[in-house]
Amino acid sequence: MKTFISFFLALCVLSCTSTSKEEKTVKIIDGSTLYEVYQPSEMSSLMKGMYAYNEKVKKDITKGTLSTEFPDEFLKIHTAELSDTKTRTDNFQLYSGKYIEAQRLVFVEDTVSTLVKRHNDAIDMCIACHKTECTGPIPKIKKLLISEE
């Protein structure tokens, strides 16, 4: 049974990544050596950037500061090229729109919700989408949540 569960979890994680890395490689020649370098999709790169940005936001909030503003770069979530095996589903469209709304609210000062709650709401939108589209990154995304004490 443990083997089946391990296999199933591995299958879930692998299904979120491009299955044809060979198609997404760039060949770099350095002298006489040929390197094949994996190139992530535009969406994958965008989401990694969004993660890094939200790590900074989390650190700023825990320090008691927030000097940044909503990055317009996040709007590319609606147009960024997906991995070859992925398509924009209705769920993706719904959750990505809700994520953008929630992320914008992080930078609105005149709201009844605390900054921590607004930040966590935006991260919860990421998690909700990934529960339907690509479950692999959920444990990493959860690390962006701030404990509400």
Side-chain angles (χ1 to χ4, degrees), residues 1-28 35-62 66-149:
M1 184 65 176
K2 285 183 181 179
T3 305
F4 175 74
I5 292 172
S6 297
F7 174 76
F8 180 74
L9 290 174
L11 183 63
C12 288
V13 170
L14 292 175
S15 69
C16 292
T17 60
S18 177
T19 57
S20 57
K21 286 188 177 182
E22 293 175 65
E23 294 175 18
K24 293 280 188 177
T25 59
V26 173
K27 294 181 180 182
I28 300 172
Y35 298 98
E36 288 195 23
V37 182
Y38 172 70
Q39 297 294 303
S41 70
E42 187 179 8
M43 182 63 77
S44 176
S45 295
L46 176 64
M47 288 195 174
K48 286 176 184 177
M50 293 163 84
Y51 181 87
Y53 181 83
N54 278 298
E55 266 186 321
K56 180 186 179 321
V57 168
K58 177 182 177 179
K59 287 177 187 172
D60 289 348
I61 291 171
T62 56
L66 185 62
S67 60
T68 57
E69 58 184 44
F70 175 80
D72 288 334
E73 185 78 10
F74 283 15
L75 298 176
K76 289 183 179 179
I77 197 168
H78 300 299
T79 58
E81 178 187 327
L82 302 172
S83 299
D84 292 340
T85 60
K86 298 291 180 190
T87 59
R88 282 189 169 74
T89 65
D90 290 341
N91 276 336
F92 178 84
Q93 298 290 37
L94 174 73
Y95 284 114
S96 61
K98 288 185 177 285
Y99 167 73
I100 294 297
E101 289 174 28
Q103 187 73 54
R104 283 184 189 276
L105 288 175
V106 171
F107 305 100
V108 175
E109 292 184 31
D110 59 343
T111 179
V112 293
S113 298
T114 66
L115 180 55
V116 170
K117 173 142 179 40
R118 294 189 318 265
H119 169 78
N120 285 345
D121 287 348
I123 302 308
D124 283 339
M125 278 298 122
C126 295
I127 294 168
C129 184
H130 279 273
K131 283 181 179 178
T132 67
E133 296 296 323
C134 180
T135 58
I138 290 175
K140 183 176 179 180
I141 296 168
K142 285 183 176 180
K143 293 177 183 179
L144 294 172
L145 293 168
I146 301 171
S147 175
E148 294 184 75
E149 297 170 14

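Quick caveat: nothing in here was measured; it's all calculated off a predicted structure.
- Counting only distance, with no hydrogens or angles, the side chain of S83 and the backbone of K86 share no donor-acceptor pair below 3.5 Å.
- The aromatic rings of F107 and Y53 sit tilted relative to each other, their planes meeting at an angle between 30° and 60°.
- Between E42 and L82, the closest side-chain pair of non-hydrogen atoms is not below 4.5 Å.
- Going from atom CD1 of I141 over to atom CD1 of I127 covers 6.5 Å, rounded to the nearest 0.5 Å.
- No side-chain heavy atom of K140 sits less than 4.5 Å from a side-chain heavy atom of H130.
- A distance-only check finds no donor-acceptor pair linking the side chain of R104 to the backbone of F70 [under 3.5 Å].
- Closest approach of I61 and V116 over heavy atoms only: CG2-CG2, 3.8 Å.
- Closest non-hydrogen pair, A102 versus A122, comes out as CB-CA, 3.6 Å.
- Distance alone, capped at 3.5 Å, is enough to place a donor-acceptor pair between the R118 side chain and the V108 backbone.
- Between atom CZ of residue F92 and atom OG1 of residue T87 there is a gap of 10.0 Å, rounded to the nearest 0.5 Å.
- By the 4.5 Å heavy-atom criterion applied to side chains, M125 and I100 are not counted as neighbours.
- Note that the OG1 atom of T89 and the CD atom of E133 stand 3.0 Å from one another [nearest 0.5 Å].
- Counting heavy-atom neighbours within 6.0 Å of E148 CD, excluding the residue itself, gives a total above 12.
- Side-chain contact between K58 and I123 is absent, with no heavy atoms from C-beta onward closer than 4.5 Å.
- Counting heavy atoms from C-beta outward, L105 and D121 have side chains that stay 4.5 Å or more apart.
- With a 4.5 Å cut-off on side-chain heavy atoms, H119 and L66 do not count as touching.
- Taken to the nearest 0.5 Å, the CG atom of D60 stands 11.5 Å off from the CD atom of E55.
- N120 places no side-chain N or O within 3.5 Å of a backbone atom of L145 that could act as its donor or acceptor partner.
- Atom CE in M47 sits 7.5 Å away from atom SG in C126 (nearest 0.5 Å).
- Under the 4.5 Å side-chain criterion, counting only non-hydrogen atoms from C-beta, N54 is in contact with F74.
- Not one N or O on the side chain of H78 forms a donor-acceptor pair closer than 3.5 Å with the backbone of S96.
- Y51 is listed as a side-chain neighbour of K143, based on a closest heavy-atom distance under 4.5 Å.
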